[in-house]
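Presented below is the structure to which this report refers.
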Amino acid sequence: MFSLASKRIFLLFLLFFLQACKRNEEGLIIFHAGSLSSFVENLKKEIPTVKIINEASGSVEVIRKAISLRKPCDVLLLSDARLIDSIPDHLIKSAYVFAYNSMVLAYHPEKFPNLTTQNWINIFSTRGVKIGRSNPCLDPSGYRALIILNELSKRFPVISNIIQESKNFIRPKETDLIVYFNLKNLDAMITYKSIALENQFHFIDFPDSLNFGVDSLDSYYRRLCVNVDECGHFFCGSAIAYILIELEGSTKTEKIVEVLHFLQSQSGQNLLKKHGFRPTWIKIR
């Protein structure tokens, strides 16, 4: 026989489970890249007829949660279109590239009033600058930042010191860096241009050959690679393309269609521009 306490615990668990099922049934569950957090929050306001339940992570972690851990999810929004190759085909119903981005170096102008694309390496190498980047094992922004630094170190050996020092300021995803940057716990960070524009950070652009923001240079970017010892992975670059993946098995087709229609509309394109992205719409699956 179950004790009264055991029955209560069971009933509470059952109630929680039923509420979770109801929550998953009613809302469109979107796992998305951290750099899309503000965009998704505004997307929810723009489509009030669709209840969106969203969860942010680095894009690599997004796939782990949805595919490996099998957490309930309907749509993935990733910051690297190539990550679709790590998802089994039978789990993908449709996929669209919907935005482009590039990498920049955000910094505090009061600390570096005369910083330029020509002098930042020299200035940073002599001041012990605290430069942040996201985790390359979890987040495309992280391995893109590491590739940039690694390529620069081939021409400027002092960059190797910056790479080592920046390991002390790695955070799980690019949006986690914003808090530390705003608190002045970071002097600078390598991040997406959309994040810099959205937060009105001062920034300098990396050269087109390194910023992953020129679509026509995609084949060149793919030759820029780095080995990440922390997770034993070998990452290569590519032009930054954001992808929406509709997962097979979702029962919320009508809600997904509403989101797709909005993203293709002028209002959807304008919202992406407002958040610093370059909108597009290309069906790839």
Side-chain angles (χ1 to χ4, degrees), residues 20 23-24 27-44 50-101 103 133-147 170-179 190-192 194-195 198 212 228 230-233 235-250 252 255-256 259-260 263 272 275-277 282 284-285:
R23 175 176 177 264
N24 291 342
L28 180 66
I29 303 174
I30 298 178
F31 289 173
H32 60 87
S35 57
L36 289 166
S37 295
S38 295
F39 169 75
V40 173
E41 289 304 321
N42 279 310
L43 180 66
K44 292 159 72 171
V50 178
K51 179 182 178 183
I52 294 176
I53 302 168
N54 59 302
E55 187 173 320
S57 307
S59 291
V60 177
E61 180 66 7
V62 164
I63 292 177
R64 189 182 78 87
K65 290 190 297 187
I67 307 304
S68 300
L69 300 183
R70 299 183 181 181
K71 294 185 67 174
C73 184
D74 303 296
V75 172
L76 308 180
L77 301 179
L78 309 174
S79 61
D80 189 342
R82 294 173 308 165
L83 291 174
I84 191 173
D85 295 334
S86 63
I87 302 175
D89 287 343
H90 71 276
L91 296 180
I92 301 171
K93 185 173 183 180
S94 65
Y96 309 83
V97 171
F98 65 94
Y100 297 115
N101 212 339
M103 301 296 290
R133 53 188 172 93
S134 61
N135 190 329
C137 298
L138 304 176
D139 184 22
S141 174
Y143 54 72
R144 286 165 176 151
L146 192 55
I147 290 172
I170 291 177
R171 295 295 177 266
K173 57 184 181 295
E174 64 280 329
T175 45
D176 294 331
L177 294 170
I178 295 174
V179 176
I190 300 176
T191 188
Y192 291 122
S194 62
I195 287 179
E198 186 177 72
F212 304 111
V228 182
E230 290 83 353
C231 51
H233 283 294
F235 295 105
C236 296
S238 66
I240 300 172
Y242 284 70
I243 188 171
L244 180 153
I245 298 173
E246 177 186 3
L247 294 176
E248 193 66 70
S250 172
K252 300 158 192 174
K255 293 181 174 66
I256 294 173
V259 172
L260 297 182
L263 290 176
L272 282 164
H275 286 274
F277 299 98
I282 305 170
I284 62 172
R285 192 71 66 86

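Everything numeric here is computed off the predicted structure, so don't read it as measured data.
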For residues [X] and [Y], report the shortest heavy-atom separation together with the two atoms involved.
| X | Y | value |
| --- | --- | --- |
| R133 | A145 | CB-CB, 4.0 Å |
| D80 | Y143 | OD2-OH, 2.6 Å |
| P140 | L138 | CD-O, 4.3 Å |
| S141 | Y192 | N-OH, 3.2 Å |
| D139 | P172 | CB-O, 3.7 Å |
| F31 | A66 | CD1-CB, 4.0 Å |

So, the side chain of [X] versus the backbone of [Y]: is there a donor-acceptor pair under 3.5 Å, distance only?
| X | Y | value |
| --- | --- | --- |
| E246 | K93 | no |
| R171 | V179 | no |
| S86 | L83 | yes |
| S134 | G142 | yes |
| D74 | I256 | no |

Under the salt bridge (charged side-chain N to carboxylate O under 4.0 Å, His left out) rule, what do R285 and D89 come out as? Steps first, then yes or no, please. CA-CA 10 Å; R285 192 71 66 86; D89 287 343; 3.1 Å; yes
Can you tell me how far apart CG (N54) and CG (L43) are? Round to the nearest 0.5 Å. 9.0 Å
Ring centres under 6.0 Å, that's the criterion: do H275 and F277 meet it?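 Aromatic pair excluded; centres sit 6.0 Å or further apart.
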Are P88 and L91 close enough that some pair of their side-chain heavy atoms sits under 4.5 Å apart?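 In short, these two side chains touch, coming nearer than 4.5 Å.
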Cationic N near anionic O, under 4.0 Å, K65 to E55: yes
